[in-house]
Undergrad: 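Okay, here's the structure, questions in a sec.
All values derive from a computational prediction rather than experimental measurement.
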Amino acid sequence: MLQKPKGTYDIYGDKALIYLYFRKLVEALMDKYNAKFVETPIFETGELFHRGVGETTDIVSKETYDFKDRGDRNLTLRPEGTAGVVRCFIENKLYAENLPLKAWYLGPMFRYERPQAGRHREFYQFGFEAFGSSDPMMDAEVIGIVYNLFKILGLKGISVNINTLGDKESRENYRKALLDYFKPYLNDLCDDCRRRYEKNPLRILDCKVDSEKDMMKDAPKMVDYLNEESKEHFDKVLKYLSDMNISYKVNSNIVRGLDYYTHTVFEVQADIDGFGAQNTLAAGGRYDHLVEFIGGPSTPGVGFALGLERLFLALEKENIDIKEIVNPDVYIFSVGDEFKGNVLSLANDLRMAGFNVEIDYNSKSFKSNFKKADNLLVHFIIIIGEEEVNSKILTVKNNKTKEEYKVKLNEIIEFLDEKLGDEDEN
Ligand code: HAM
């Protein structure tokens, strides 16, 4: 039997209901922030991610799905959303419009990682990117979105961890300090970190292999290398978070696995018993040079992405059920094949009038049709037979109260409107 590729999963049943509800929730939330929906291609030129996310990052050096198409082009399945949205911002000259521009997206991302609970090769992100403001207010606003989303969902066990990487100057000073500090320990570092030492020593702090080693605890801290401007930016972000009553922890070990960040970086972790190792639900930060780096005009940016699988896992752990079940209002079946056209026609009219309608396609018996209607928890059953077609009077049964009505065909919409309206009020 053919099976799905390793690290992927199907969305159906309850999972599909949860996914759809979450999507609706996000759409409504994003309207509240005047954020605009964008959709970028699932694959882009390989260069976009290799350059944009950074060659030294784990994502690009080990995890991208790179392939050549039949025209010999180098393409990559998107491992994350930011680089594609930045490319879209530049290519469509969105920078010429009123900035700041707030954009959001929701869709699959692909990373060749070792699958485990909360870690997949195809996974879904809800992401948000704001272009055109270097004000710390925007950093706080971005963190506020994630915080509010969790609040709306009723998720309690979360913590916001925040750090700053400072501006270019601060980061360069810090980089030098790290090079000096780690030089005597080079032989104690893992192979990856020895490479990171050469290319991006900040990422040594993020290493999962070396993180418990003593030398890590005494490593220089970014906060001691911030220039005035960077410090002021960070202080303001923290103040604005407090103004919004968002509790956070400053955590100097957060450096993030992607190269494009400057100033604020943050991760929102699940603090739930037995959640497992993959507990970062959402993460993001500021990237003031990425737009320019990818070839656009210098434009500051800040954003985040949230992993849907991890969020749904967290909701499950906290017994929060967000699935929304929609049952048909009406179930229609006919007595005899010759009236199937009447069933289709009535179902069409009712659907166009706004009702949810299910019909019998398979000429089931009376008994199994009633059973099906029960299973679907429908409000009304309409049966169409010779008598109904000739008289143009329908037999309508309230499947809850078991009352039966005779309703003229041309009055059925008003009838259902009134009855279903009454039930909504009760
Ligand atoms: P990221 O930290 O690589 O950041 O991913 C963000 C979130 O995506 C993670 O916190 C996690 O919830 C989820 N995630 C990542 N990899 C996997 C996986 N293999 N399986 C399941 N979930 C996963 C970014 O992607 C940046 N683009 C975030 C950003 C937006 N920064 C600025 N703007």
Side-chain angles (χ1 to χ4, degrees), residues 4 6-33 35 81 104-109 111 113-128 142-162 241 244-249 251 254 266-284 304-329 356 374-379 400 423-424 426:
K4 60 190 177 305
K6 187 174 173 187
T8 67
Y9 65 98
D10 299 312
I11 301 179
Y12 62 93
D14 283 358
K15 251 196 196 132
L17 294 177
I18 292 171
Y19 174 86
L20 284 179
Y21 178 82
F22 180 75
R23 223 193 137 93
K24 263 208 284 195
L25 186 86
V26 163
E27 278 174 27
L29 184 67
M30 288 296 87
D31 283 344
K32 297 198 164 56
Y33 285 88
W104 70 275
Y105 50 92
L106 195 161
M109 308 292 160
R111 296 184 193 176
E113 293 192 87
R114 200 164 42 78
Q116 55 179 266
R119 190 157 81 187
H120 306 264
R121 290 186 174 169
E122 182 183 31
F123 59 98
Y124 282 74
Q125 280 187 346
F126 155 47
F128 175 96
V142 163
I143 297 172
I145 294 174
V146 186
Y147 195 83
N148 284 343
L149 181 63
F150 290 150
K151 202 165 169 184
I152 293 168
L153 290 166
L155 200 64
K156 297 209 171 56
I158 59 149
S159 64
V160 178
N161 291 278
I162 181 168
L241 289 177
M244 289 192 289
N245 283 328
I246 295 174
S247 39
Y248 60 84
K249 278 186 248 168
N251 179 343
I254 290 186
F266 71 96
E267 293 183 354
V268 183
Q269 253 96 30
D271 276 341
I272 305 170
D273 272 352
F275 190 77
Q278 303 304 318
N279 68 344
T280 306
L281 303 181
F304 74 86
L306 173 150
L308 265 60
E309 295 77 10
R310 293 185 196 176
L311 169 67
F312 296 161
L313 220 60
L315 291 173
E316 201 183 305
K317 291 264 183 235
E318 291 201 353
N319 292 318
I320 298 169
D321 186 0
I322 62 165
K323 61 178 184 292
E324 194 177 50
I325 299 168
V326 180
N327 293 310
D329 303 309
N356 300 335
D374 276 346
N375 287 341
L376 291 173
L377 302 174
V378 298
H379 276 81
K400 291 188 171 166
E423 295 216 357
D424 280 349
N426 288 336

Undergrad: Go through it in stages, so that I can follow the logic: the residues are I162 and I254, the test is side chain to side chain contact (heavy atoms under 4.5 Å, CB included), and I'd like the CA-CA distance, side-chain angles, deciding distance and then a yes or no.
TA: CA-CA 7 Å; I162 181 168; I254 290 186; over 6 Å; no

Undergrad: Among residues at least two apart in sequence or on other chains, which ones pass side chain to side chain donor-acceptor pair (under 3.5 Å) with D31?
TA: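 Partners of D31 under the side chain to side chain donor-acceptor pair (under 3.5 Å) test: none.
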
Undergrad: Looking at every heavy atom in both R111 and F123, which two are closest together, and how far apart are they?
TA: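 Closest approach of R111 to F123: NE-CZ, 3.5 Å.
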
Undergrad: Heavy atoms only: give me the nearest G154-E318 pair and the separation to one decimal.
TA: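 So the two residues come closest at O-OE1, 3.9 Å.
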
Undergrad: Tell me, please, which residues at least two apart from Y248 pass side chain to side chain donor-acceptor pair (under 3.5 Å).
TA: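 Expected list: none.
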
Undergrad: Which residues satisfy the ring pair (Phe, Tyr, Trp, His ring centres under 6.0 Å) test with F150, sequence neighbours excluded?
TA: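 Partners of F150 under the ring pair (Phe, Tyr, Trp, His ring centres under 6.0 Å) test: none.
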
Undergrad: Might you work through the side chain to side chain contact (heavy atoms under 4.5 Å, CB included) test for F304 and V268, ending with a clear yes or no?
TA: CA-CA 10 Å; F304 74 86; V268 183; over 6 Å; no

Undergrad: For the residue pair D271 and I158, establish whether any side-chain heavy-atom pair is separated by less than 4.5 Å.
TA: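 Not touching, per the 4.5 Å side-chain cut-off.
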
Undergrad: State the CZ-CZ distance between R114 and R121, to the nearest 0.5 angstrom.
TA: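 Here the interatomic distance stands at 10.0 Å.
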
Undergrad: Side chains of Y33 and V142: does their closest heavy-atom pair fall under 4.5 Å?
TA: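 In short, these two side chains do not touch, never coming nearer than 4.5 Å.
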
Undergrad: Working to the nearest 0.5 angstrom, can you tell me the gap between F126 CZ and I145 CD1?
TA: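 Going from CZ on F126 over to CD1 on I145, the span is 6.5 Å.
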
Undergrad: Just how far is it from atom CE of M30 to atom CG of L25, taken to the nearest 0.5 Å?
TA: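 Interatomic distance, M30 CE to L25 CG, rounded to 0.5 Å: 9.5 Å.
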
Undergrad: Do you know the tightest heavy-atom contact between L313 and G118?
TA: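 Shortest heavy-atom contact: CD2-N, 4.2 Å.
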
Undergrad: Determine, stepwise, if the pair F128 / V146 fulfils side chain to side chain contact (heavy atoms under 4.5 Å, CB included).
TA: CA-CA 10 Å; F128 175 96; V146 186; over 6 Å; no

Undergrad: Measuring from atom CD1 of I143 to atom CZ of F266, what distance do you get when rounded to the nearest 0.5 angstrom?
TA: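 These two atoms lie 5.0 Å from each other.
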
Undergrad: Nearest 0.5 angstrom please: L155 CG to L281 CG, how far?
TA: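 These two atoms lie 6.5 Å from each other.
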
Undergrad: For T8, enumerate each residue passing the side chain to side chain donor-acceptor pair (under 3.5 Å) test, keeping only those at least two apart in sequence or located in another chain.
TA: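 T8: no side chain to side chain donor-acceptor pair (under 3.5 Å) contacts found.
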
Undergrad: Please report the shortest heavy-atom distance between Y147 and I246, naming the atom on each side.
TA: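 In this case the closest contact between Y147 and I246 is CD1-CG2, 3.5 Å.
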
Undergrad: Residues two or more places apart in sequence or in another chain: which of them pass side-chain contact (heavy atoms from CB on, under 4.5 Å) with L20?
TA: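 Counting only residues at least two positions away or on another chain, L20 forms no side-chain contact (heavy atoms from CB on, under 4.5 Å).
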
Undergrad: Is any side-chain heavy atom of D14 less than 4.5 Å from a side-chain heavy atom of D321?
TA: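 Side chain of D14 against side chain of D321, heavy atoms only: no contact under 4.5 Å found.
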
Undergrad: Is the backbone of N161 close enough, under 3.5 Å, to the side chain of Q269 for a donor and an acceptor to pair up by distance?
TA: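 No: the side chain of Q269 does not pair with the backbone of N161.
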
Undergrad: Please examine the side chains of Y19 and L106, heavy atoms only from C-beta on, and report whether any two atoms are closer than 4.5 Å.
TA: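 Yes - at least one pair of side-chain heavy atoms lies under 4.5 Å apart.
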
Undergrad: Would you check, one step at a time, whether the test side chain to side chain contact (heavy atoms under 4.5 Å, CB included) holds for T280 with R310?
TA: CA-CA 8 Å; T280 306; R310 293 185 196 176; 4.1 Å; yes

Undergrad: Does the E324 side chain pair with the main chain of L17, one donor and one acceptor, at a distance under 3.5 Å?
TA: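 No.
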
Undergrad: Determine whether H120 and P115 make a side-chain contact, defined as any pair of heavy atoms from C-beta on separated by less than 4.5 Å.
TA: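 Result no, sub-4.5 Å side-chain heavy-atom pair not found.
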
Undergrad: Check I272 against G157 and note the closest heavy-atom contact, atom names and distance.
TA: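 Heavy atoms only, the tightest pair is CG1-O, 3.7 Å.
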
Undergrad: What is the distance from atom CG of L308 to atom CZ of F312, rounded to the nearest 0.5 Å?
TA: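 Those atoms lie 4.0 Å apart.
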
Undergrad: Do Y9 and K15 come close enough that some side-chain heavy atom pair is under 4.5 Å?
TA: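 Side chain of Y9 against side chain of K15, heavy atoms only: contact under 4.5 Å found.
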
Undergrad: Counting only N and O atoms by type, is there a donor-acceptor contact under 3.5 Å from the side chain of E309 to the main-chain atoms of Y124?
TA: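 Yes: the side chain of E309 pairs with the backbone of Y124.
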
Undergrad: Quick check: does any side chain N or O of D329 sit under 3.5 Å from a backbone N or O of N356, one acting as donor and the other as acceptor?
TA: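 Side chain of D329 to backbone of N356, a donor-acceptor pair under 3.5 Å: yes, one is there.
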
Undergrad: Is there a side-chain contact between I322 and L153 (heavy atoms, below 4.5 Å)?
TA: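 In contact.
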
Undergrad: Are any of the side-chain heavy atoms of W104 and L29 separated by less than 4.5 Å?
TA: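 W104 does not reach L29 side chain to side chain.
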
Undergrad: Tell me the closest heavy-atom pair linking A283 and E267, and the distance in Å.
TA: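 Heavy atoms only, the tightest pair is CB-CG, 4.0 Å.
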
Undergrad: Which residues satisfy the side chain to side chain donor-acceptor pair (under 3.5 Å) test with E113, sequence neighbours excluded?
TA: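 Expected list: none.
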
